[in-house]
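Each remark here refers to the structure printed beneath this line.
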There are 2 protein chains.
Amino acid sequence: MAEGSNSAMGGENLLFLTDEQLRKGIEAMFFAYRGFTADPDRILDAHGYGRAHHRALHFINRTHGTTVNNLLNILGVTKQSLNRVLRTLIEDGLVESRVGRKDRRERNLFLTEKGDTLERALSEAQRERMRAAYRAAGPQAVAGFRLVLEAMMDDEIRRQYLNMRDRRT
Amino acid sequence: MAEGSNSAMGGENLLFLTDEQLRKGIEAMFFAYRGFTADPDRILDAHGYGRAHHRALHFINRTHGTTVNNLLNILGVTKQSLNRVLRTLIEDGLVESRVGRKDRRERNLFLTEKGDTLERALSEAQRERMRAAYRAAGPQAVAGFRLVLEAMMDDEIRRQYLNMRDRRT
DNA sequence: CAGTTTATGTCAGCCTTGTTGACATTCCAA
DNA sequence: TTGGAATGTCAACAAGGCTGACATAAACTG
């Protein structure tokens with residue numbers, strides 16, 4: 001009977017919106033996010049870094065030469081908070097900060113080779129879990145997964161997310 | 001660690017597993033989780049609480065009379081960390097801690113009426129966003145969403161998650 | 001019963017990563 | 001050329017993770 005259970009009753013396509021179904025979705029998000037961060041966390045820990053470092057490395061790698069201000073918008077933290085993380089990454093030689101050419105108030109951020117190496121290790125660990133989940137769930141599930149996640153974002157963030165151009169599809 | 005590692009190169013049914021697709025999925029998780037927590041965070045902030053309090057309230061509500069130890073397993077934090085949060089909730093009269101009947105070493109945790117009120121406000125805000133996302137994405141997407149999330153959890157956690165019996169509301 | 005294990009709570013102290021405030025530098029427009 | 005806006009840095013504080021040590025009470029075991 002599990003099958004046609006969606007459209008069976010009066011609410012038609014709303015039957016899956018019971019509080020119970022929603023609660024399951026909420027808990028799934030909570031537990032899945034833990035898994036999602038678990039593998040990089042282990043690597044980071046071994047290097048004495050935290051999740052904040054990972055996020056910085058990810059988005060610097062993603063948009064070479066990005067400015068601090070741009071990074072702030074994406075990460076949604078204060079500049080002071082980001083700066084602390086950025087400083088250690090620069091001191092440790094993972095990130096290079098170059099004074100902007102056009103506007104010398106800006107700093108353009110790049111990964112060094114060392115930074116790139118760590119970023120690859122982190123993202124590969126995370127991709128590996130994502131890949132396994134995608135394989136287990138199948139292509140159609142993946143499409144649904146992305147749709148729901150996108151619908152869950154704040155409007156402004158979703159706009160940014162969708163506008164980030166793909167690098168080599 | 002192949003360089004241009006494009007996992008799609010060989011198999012047609014793996015076409016969606018390019019590094020680029022995986023990266024998009026990773027970023028979608030990151031941004032969506034922010035949205036997922038944004039509404040409760042605002043409410044919590046107004047009450048002087050944090051996310052840790054929300055998690056405790058959620059799972060106490062979800063499993064009335066649960067023990068401290070059980071909560072520790074679900075939340076995946078140390079008892080010192082949980083205790084700090086629990087203590088303030090008890091002091092503030094949101095949670096009641098009763099000595100266990102069967103085993104008097106245990107403490108069974110319950111929400112008071114006040115605790116229930118806050119929990120409802122928090123979960124309703126979160127459900128509302130989830131509901132909107134589900135509506136926007138459609139039933140089929142929701143099924144995929146849940147499948148991928150479940151596949152992303154750590155094995156032990158997934159086992160717990162799946163075993164949590166439904167409370168038919 | 002004596003000794004051990006289990007469940008819980010508490011104190012102290014550390015770390016990461018948020019926050020706000022103050023301030024220096026640079027750019028730009030009036 | 002000067003004042004305001006933008007950008008980034010330094011300092012200090014708070015939340016909430018963590019570990020370690022220890023206390024208590026109850027349960028279990030030989």
Side-chain angles (χ1 to χ4, degrees), chain A residues 30 33-34 37-38 40-60 65-92 95-110 122, chain B residues 30 33-34 37-38 40-58 60 65-92 95-110:
Chain A
F30 172 62
Y33 199 77
R34 278 234 299 261
T37 55
D41 279 356
R42 273 187 284 272
I43 298 174
L44 288 160
D45 197 59
H47 288 253
Y49 294 130
R51 244 176 243 182
H53 299 85
H54 184 188
R55 294 197 281 264
L57 290 173
H58 176 101
F59 285 106
I60 293 171
T66 186
T67 64
V68 172
N69 215 2
N70 185 32
L71 214 45
L72 288 182
N73 289 331
I74 293 171
L75 295 176
V77 297
T78 58
K79 61 182 177 172
Q80 294 90 332
S81 191
L82 173 60
N83 189 257
R84 185 196 299 121
V85 166
L86 229 37
R87 196 190 320 159
T88 73
L89 291 175
I90 292 168
E91 280 168 5
D92 295 352
V95 168
E96 196 191 338
S97 166
R98 298 184 205 150
V99 171
R101 287 193 189 176
K102 204 186 60 189
D103 185 335
R104 294 199 334 225
R105 291 172 302 182
E106 294 181 344
R107 300 289 180 276
N108 295 116
L109 303 170
F110 303 86
L122 292 168
Chain B
F30 172 64
Y33 198 78
R34 279 234 298 262
T37 55
D41 279 355
R42 273 187 285 273
I43 298 173
L44 288 160
D45 198 59
H47 288 253
Y49 294 130
R51 244 175 243 181
H53 300 86
H54 184 187
R55 294 195 282 265
L57 290 174
H58 176 100
I60 292 171
T66 186
T67 65
V68 173
N69 219 354
N70 185 33
L71 213 45
L72 288 180
N73 290 331
I74 291 171
L75 296 177
V77 297
T78 59
K79 64 173 178 176
Q80 294 91 332
S81 194
L82 174 60
N83 191 256
R84 185 175 19 207
V85 166
L86 226 40
R87 197 189 319 163
T88 73
L89 290 175
I90 291 169
E91 280 169 4
D92 295 353
V95 168
E96 195 192 336
S97 166
R98 299 185 205 149
V99 170
R101 286 192 190 177
K102 205 188 58 190
D103 185 335
R104 295 200 332 223
R105 291 172 303 181
E106 294 182 342
R107 299 289 180 276
N108 296 118
L109 303 171
F110 302 87

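First the proteins, then the strands, lettered A, B, ... as listed; each starts at 1. Basis for what follows: all heavy atoms, side chains included, without hydrogens, waters or symmetry-related copies.
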Next item on the list: For B:Arg107 and B:Arg105, indicate whether the former's side chain and the latter's backbone hold a donor-acceptor pair under 3.5 Å.
Entry: yes
Notebook entry, point to check: Checking A:Arg34 side chain against B:Leu75 main chain: does a donor-acceptor pair fall under 3.5 Å?
Noted result: yes
[X] [atom1] to [N] [atom2], straight-line distance once rounded to whole Å:
X: A:Asp41; N: C:dT17; atom1: CG; atom2: C1'; answer: 13 Å
X: A:Leu72; N: D:dA6; atom1: CG; atom2: C1'; answer: 12 Å
X: B:Leu71; N: C:dG9; atom1: CG; atom2: P; answer: 11 Å
X: B:Asp103; N: D:dC28; atom1: CG; atom2: C1'; answer: 10 Å
X: A:Arg98; N: C:dT26; atom1: CZ; atom2: P; answer: 19 Å
X: A:Arg105; N: C:dA29; atom1: CZ; atom2: C1'; answer: 12 Å
X: B:Asn73; N: C:dT6; atom1: CG; atom2: P; answer: 14 Å
X: B:Leu82; N: C:dG9; atom1: CG; atom2: C1'; answer: 11 Å

Notebook entry, point to check: Mind checking whether B:Phe30 and A:Phe59 have parallel, tilted or perpendicular rings, split at 30° and 60°?
Noted result: tilted
Check: Parallel under 30°, tilted from 30 to 60°, perpendicular over 60°: which one fits the rings of B:His54 and B:His58?
Finding: perpendicular
Notebook entry, point to check: Has A:Asn69 got a side-chain N or O lying under 4.0 Å from the OP1 or OP2 atom of D:dA6?
Noted result: no
Notebook entry, point to check: Does the side chain of A:Thr78 get closer than 4.0 angstrom to OP1 or OP2 of C:dG18 through an N or O atom?
Noted result: no
Margin query: Categorize B:Gly76 for me: base, sugar-phosphate, or nothing, with a 4.0 angstrom heavy-atom threshold over every strand shown.
Written below: sugar-phosphate
Next item on the list: Determine the contact category for B:Lys102: base if any of its heavy atoms lies under 4.0 Å from a base atom, sugar-phosphate if only primed atoms, P, OP1 or OP2 are that close, otherwise nothing.
Entry: sugar-phosphate
Note to self: Taking side-chain contact (heavy atoms from CB on, under 4.5 Å) as the criterion, tell me which of B:Leu109, B:Asn108, B:Leu72 meets it with B:Thr67.
What the structure shows: B:Asn108
Margin query: Just verifying a value: how many Å separate A:Asn73 CG and A:Lys79 NZ, rounded to the nearest 0.5 Å?
Written below: 12.5 Å
Check: Can you find a pair of side-chain heavy atoms, one from A:Asp92 and one from A:Tyr49, that are under 4.5 Å apart?
Finding: yes
Item checked: Base-contact (B) and sugar-phosphate-only (S) positions in nucleotides 9-16 of chain D, heavy-atom cut-off under 4.0 Å, - elsewhere -> BBBB---B
Notebook entry, point to check: Going by modelled atom types, is there a donor-acceptor pair between the base of C:dT26 and the side chain of A:Arg104 at under 3.5 Å?
Noted result: no
